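The structure appears below as structure tokens.
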Amino acid sequence: MPRITDARVIVTCPGRNFVTLKIETDAGVHGVGDATLNGRELAVAAYLSEHVVPCLIGRDAHRIEDIWQFLYKGAYWRRGPVTMSAIAAVDMALWDIKGKIAGLPVYQLLGGASREAVMVYGHANGVGIDDTIAAARGYIDQGYKAVRLQCGVPGMAGTYGVSKRRDRYEPADSDLPTETIWSTEKYLRIVPPLFAAAREALGPDVHLLHDVHHRLTPIEAARLAKDLEPYRPFWIEDATPAENQDGFRLIRQHSTTPLAVGEVFNAIWDAKTLIENQLIDYIRATVTHAGGLTHLRRIAALADLYQVRTGCHGATDLSPVAMAAALHFDLSVPNFGIQEYMAQTDETDRVFPHAYRFEAGQMHPGEAPGLGVDIDEAQAATYPYKRAYLPVARLEDGTLWSW
Ligand SMILES: O=C(O)C(=O)C[C@H](O)[C@H](O)CO
Ligand SMILES: [Mg+2]
């Protein structure tokens with residue numbers, strides 16, 4: 001049995017912060033897991049190094065489920081993004097180790113490939129409708145079959161999803177949270193014309209997605225979903241905050257636009273009502289924030305019973321370790337829908353060498369044993385942690401809102 005001999009947390013900032021757990025075994029193999037929680041990175045790093053690592057030393061690395069249960073039930077304090085991201089990092093690293101010892105890519109351990117490759121969507125954004133459509137064409141030219149559209153809102157200085165730079169989007173850009181202004185009325189005036197123009201310009205085949213980013217009330221979200229229906233969006237995401245899962249009923253009552261939610265979920269319980277009542281079509285929980293492959297598979301299995309498909313979060317605040325794990329999950333799970341993908345910076349790709357690849361709008365985790373991703377610790381050490389927060393949003397009267 002491979003015994004865990006050491007585990008350490010590596011924090012690095014090759015353009016943005018990442019928290020990685022590296023677990024060593026006496027079998028001569030190590031595994032890596034992503035524990036990045038954007039804007040709260042050091043909370044997870046401390047949770048891991050102070051409270052999790054001491055419990056790992058000496059354990060059998062093959063006992064993934066038992067270690068998961070030990071860390072979840074054994075903490076007494078269940079769930080929450082810090083706890084679940086820490087457990088996820090351990091879980092990913094253990095699957096990585098198991099794969100390396102077996103000499104198999106992790107997707108083979110998860111049941112093997114259910115498809116040839118994984119459809120991903122890219123992020124097209126622009127200040128106005130025309131440059132957003134031009135950006136979408138750029139993705140389609142690279143072979144993407146699905147593109148997310150976000151455009152600036154006239155009368156608002158900046159908004160979620162619209163980059164200052166065309167090629168990169170990194171919202172956690174400030175030592176203290178940047179304050180932005182939000183107007184629901186202005187936003188609801190621009191998104192339907194964006195989708196009308198995009199559908200007209202890009203044709204019927206490309207999948208078009210949109211992220212509301214939790215900024216509407218259920219009845220406002222219902223109106224947007226209804227207004228977008230003629231343009232057949234693939235989904236609208238996070239149409240309203242989902243703490244109250246029943247809130248989605250209202251949207252459902254008014255529209256057949258598919259709904260996706262869950263990038264901030266950390267446990268199956270966050271999605272139970274939504275899934276069992278078929279209030280959503282895609283579950284976006286990620287391997288990092290929702291307890292690793294072990295827990296994400298449980299969520300996907302529940303979702304599968306209700307024909308809810310997966311659409312994992314894949315923004316750049318999830319490290320290449322998370323992307324690799326997501327791709328093994330996506331390739332194997334029966335109810336896969338789509339995977340979000342944003343290319344990382346060259347610096348990040350150098351810190352995390354990986355076997356996964358992109359080709360013509362699809363991705364594949366590769367055939368390397370384990371997750372097929374590693375951390376170059378010497379490279380990582382050259383990029384020290386730099387505090388960075390996501391922005392916050394206020395209504396025009398100063399009321400704090402969802403960003
Ligand atoms: O990629 C998305 O859909 C997001 O909403 C990105 C989030 O804002 C980001 O991951 C927050 O850290
Ligand atoms: Mg989102």
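Because the structure is predicted, anything quoted here is derived from the model rather than measured. Whatever order the structure lists them in is the order used to number ligands and atoms, beginning at 1.
With a 6.0 Å cutoff to the six-membered ring centre and a 45° limit on the axis angle, Arg215 counts as a cation-pi contact of Tyr187.
Counting heavy atoms from C-beta on, the side chains of Val287 and Phe329 never come closer than 4.5 Å.
Near Ala315, meaning under 4.0 Å from any of its heavy atoms, are these atoms of ligand 1: 1 (O), 6 (C), 10 (O). Close approach of ligand 1 to Asp211 (heavy-atom distance below 4.0 Å) involves ligand atoms 2 (C), 3 (O), 4 (C), 5 (O). Residue contact check: Arg284 has heavy atoms under 4.0 Å from atoms 2 (C), 3 (O) of ligand 1. Within ligand 1, counting atoms from 1 as listed, the ones closer than 4.0 Å to a heavy atom of Glu237 are 3 (O). Shown in contact with Arg148 at under 4.0 Å from a heavy atom are these atoms of ligand 1, numbered in order with element: 1 (O), 2 (C), 3 (O). Residue-ligand proximity, Leu390 to ligand 1, at heavy-atom distances under 4.0 Å covers atoms 11 (C), 12 (O).
Inclusion of Glu340 in the first shell of the Mg ion (ligand 2) is not supported: no N, O or S atom falls under 2.8 Å. Glu237 lies close to the Mg ion (ligand 2), since one of its N, O or S atoms is found at a distance under 2.8 Å.
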_side-chain contact (heavy atoms from CB on, under 4.5 Å) assessment of Glu116 paired with His364_ = CA-CA 8 Å; Glu116 303 310 316; His364 194 283; over 6 Å; no
*Determine, stepwise, if the pair Glu377 / Lys22 fulfils side-chain contact (heavy atoms from CB on, under 4.5 Å).*
CA-CA 10 Å; Glu377 291 191 65; Lys22 181 168 178 176; 2.8 Å; yes
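Remark: the backbone N or O of Pro334 is paired with a side-chain donor or acceptor of Arg115 at under 3.5 angstrom.
Ranking protein heavy atoms by distance to atom 10 (O) of ligand 1, first place goes to Asp317 OD1, 2.7 Å. Here the heavy atom of the protein found nearest to atom 8 (O) of ligand 1 is His213 NE2, 2.8 Å. For atom 4 (C) of ligand 1, the closest heavy atom belonging to the protein is Tyr160 OH, 2.9 Å. At the shortest separation from atom 5 (O) of ligand 1 among protein heavy atoms lies Glu263 OE2, 2.6 Å. Scanning the protein heavy atoms around atom 1 (O) of ligand 1, the nearest turns out to be Glu340 OE2, 2.4 Å. Summary of contacts: the protein heavy atom closest to atom 12 (O) of ligand 1 is Asn38 ND2, 2.8 Å.
Here the rule is ring pair (Phe, Tyr, Trp, His ring centres under 6.0 Å) with His207, and of Tyr282, Tyr139, Phe234 only Phe234 fits it. The ring pair (Phe, Tyr, Trp, His ring centres under 6.0 Å) test with Trp403 is passed by exactly one of Tyr389, Trp182, Tyr160: Tyr160.
With hydrogens and angles left out, the side-chain atoms of Asn125 and Ser163 include no donor and acceptor closer than 3.5 Å.
Tyr144 and Tyr341 have parallel rings, their planes meeting at less than 30° on a 0 to 90° scale where 60° marks the start of perpendicular.
Distance check, rounded to the nearest 0.5 Å: CD of Glu263 to CD1 of Ile283 gives 11.0 Å.
The shortest N/O to N/O separation between Tyr121 and ligand 1 does not fall below 3.5 Å.
Closest N/O/S atom of Glu263 to the Mg ion (ligand 2): OE1. The closest approach of Asp211 to the Mg ion (ligand 2), by N/O/S atoms, is made by OD2.
Between Arg297 and Asp304 there is no salt bridge, since no side-chain N of the basic residue sits under 4.0 Å from a carboxylate O of the acidic one.
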